[in-house]
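In what follows, a single structure is set out as structure tokens and then discussed.
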There are 2 protein chains.
Amino acid sequence: MYSAVMSMSTPERLIEATRELLWERGYVGTSPKAVQQAAGAGQGSMYHHFAGKQDLALAAIRRSAEELGAAAEAVLGGGGSAYARIEAYLRRERDVLRGCPVGRLTMDPEVVADPELRAPVEEVLGRVRGRIAEVVQEGVDSGELSGSLDPAEIAATVLATVQGGYVLARATGSRAPFDTAVRGLLALLAA
Amino acid sequence: MYSAVMSMSTPERLIEATRELLWERGYVGTSPKAVQQAAGAGQGSMYHHFAGKQDLALAAIRRSAEELGAAAEAVLGGGGSAYARIEAYLRRERDVLRGCPVGRLTMDPEVVADPELRAPVEEVLGRVRGRIAEVVQEGVDSGELSGSLDPAEIAATVLATVQGGYVLARATGSRAPFDTAVRGLLALLAA
DNA sequence: GTCTATAGCGCGATAGAC
DNA sequence: GTCTATCGCGCTATAGAC
């Protein structure tokens with residue numbers, strides 16, 4: 001990881017450093033200076049490649065959203081029954097105590113207030129939600145899941161459980177509540 | 001509301017202003033100066049009543065946690081069946097697009113890193129979770145809810161759905177996904 | 001209890017040398 | 001493409017007058 005960072009171009013290192021800091025501290029809590037230090041880049045270098053904090057954050061957010069979408073698609077588009085794919089999505093490896101690198105940004109007033117910054121967040125969460133709904137629909141069609149379920153509703157519940165699981169985990173300093181919430185949801189889906 | 005603020009003591013106005021700003025902008029994004037302006041108090045006045053930003057935030061967070069616990073207890077300890085009380089909790093009036101004044105703080109690195117600031121957050125979310133579990137247990141005991149459900153798990157799922165619902169709503173700028181997630185969860189519980 | 005003054009530092013950004 | 005210097009401002013806090 002360190003050697004990988006070393007071999008990156010300056011813009012790449014700036015984007016990766018911004019992603020880390022945005023994840024950890026949010027937009028309001030992330031300063032250009034901190035980004036430069038983490039990336040090992042100078043002031044002038046940063047402002048040469050990016051117009052400013054907002055521009056750099058935009059590149060970082062877009063990449064994190066892309067990565068999240070790909071990770072979700074990898075499990076939701078994988079093999080197995082509908083239930084198995086939803087379970088795989090819920091149980092996929094996550095750095096639970098760090099929170100969701102994308103969902104976290106919704107608590108940032110300056111991200112939500114800026115249409116450009118909010119767009120990738122809204123887009124990817126909407127896309128994942130739609131993708132989960134498709135899988136639920138498949139499960140309903142095949143009789144694997146109850147026909148009384150509304151796929152769009154269940155998809156929102158699944159995504160909300162994950163996003164809320166992060167909150168509960170961070171509140172306690174342990175990932176346990178996340179896993180507990182996931183087990184509860186899976187039990188409800190299996191019934 | 002305005003006249004209510006006007007008639008408050010200076011410490012009261014400072015705490016209330018801090019609660020609003022913490023809710024809106026988080027701990028990192030809230031400055032003593034902004035608090036003073038919102039409270040109509042001077043610099044010296046604030047530092048006379050409170051030791052600093054952390055001390056003031058502590059008072060504000062404790063009050064918000066207390067208020068959240070009371071609001072939850074009001075519906076969960078009310079009348080009706082177990083399902084009805086959980087539904088009442090899920091559907092209780094919320095300023096969805098503003099997010100949860102308590103849950104929001106878990107995304108703040110300085111709150112999570114400070115045991116004193118995190119304690120009220122952890123305590124109240126744990127208490128509400130326990131209270132929901134009790135209600136689920138009652139539902140299981142009375143046969144109203146499936147006996148295969150683990151009350152602690154379902155409680156975590158219920159709370160996570162609410163906390164995650166805020167995230168989805170803020171991502172889209174609409175409360176609709178929150179309500180959709182809640183409907184999905186209620187459908188699963190009713191099945 | 002509240003005020004003003006001041007501190008030392010970091011913010012986000014620009015300018016211009018190299 | 002990267003550097004250092006500088007800007008104007010806000011941060012969190014302290015000091016001491018009133």
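A note on names: the letters A, B, ... follow the listed sequences, proteins ahead of strands, and every chain is numbered from 1.
For His49(A) and dT2(D), the shortest distance from a side-chain N or O to OP1 or OP2 is below 4.0 Å. Using a 4.0 Å cut-off, some side-chain N or O of Ser31(A) falls inside it from OP1 or OP2 of dC11(C). OP1 or OP2 of dT2(C) sits under 4.0 Å from a side-chain N or O of Thr10(B). Note on Lys53(B): a side-chain N or O is less than 4.0 Å away from OP1 or OP2 of dT12(D). Residue His48(B) has no polar side-chain atom (N or O) positioned under 4.0 Å from OP1 or OP2 of dT2(C).
Nucleotide dG1(C) holds its C1' atom 16 Å from the CD atom of Glu12(B), rounded to whole Å. Here dG10(D) presents its P atom at 16 Å from CG of Leu21(B), a figure rounded to the nearest Å. When the C1' atom of dG12(C) is taken as reference, atom CG of Leu56(A) falls 12 Å away, rounded to whole Å. Distance, Gln43(B) CD to dG10(D) C1': 11 Å, rounded to whole Å. With rounding to whole Å, Phe50(B) atom CZ is found 11 Å from dT2(C) atom P. Per the geometry, CD belonging to Gln36(A) stands 14 Å off P belonging to dG10(C), to the nearest Å. Atom P of nucleotide dA5(C) and atom NZ of Lys33(B) are separated by 13 Å, given to the nearest angstrom. Atoms CE (Met46(B)) and C1' (dA13(D)) sit 9 Å apart, rounded to a whole Å.
Side-chain contact check for Arg94(A) and Tyr166(A): at least one donor-acceptor pair (N or O, by modelled atom type) lies under 3.5 Å. Ser146(B) and Ser148(B) form a side-chain donor-acceptor contact under 3.5 Å, judged by distance and modelled atom types alone.
A salt bridge is defined here as a Lys NZ or Arg NE, NH1 or NH2 lying under 4.0 Å from an Asp or Glu carboxylate O, and Arg85(B) with Glu134(B) fails to meet this definition.
The nucleotide whose nearest atom lies closest to any side-chain atom of Pro32(A) is, among dT12(D), dG12(C), dT2(D), dG12(C). Nearest nucleotide to the side chain of Tyr47(B), out of dT12(D), dT2(C), dT14(C): dT12(D).
With hydrogens and angles disregarded, a donor-acceptor distance shorter than 3.5 Å links the side chain of Arg13(B) to the backbone of Ala39(B).
Annotation: side chain of Arg98(A) is in contact with side chain of Glu20(A) (closest heavy-atom distance under 4.5 Å).
Contacts of Gly42(B) with the nucleic acid, taken as non-hydrogen atoms under 4.0 Å apart, involve only primed sugar atoms and P, OP1 or OP2.
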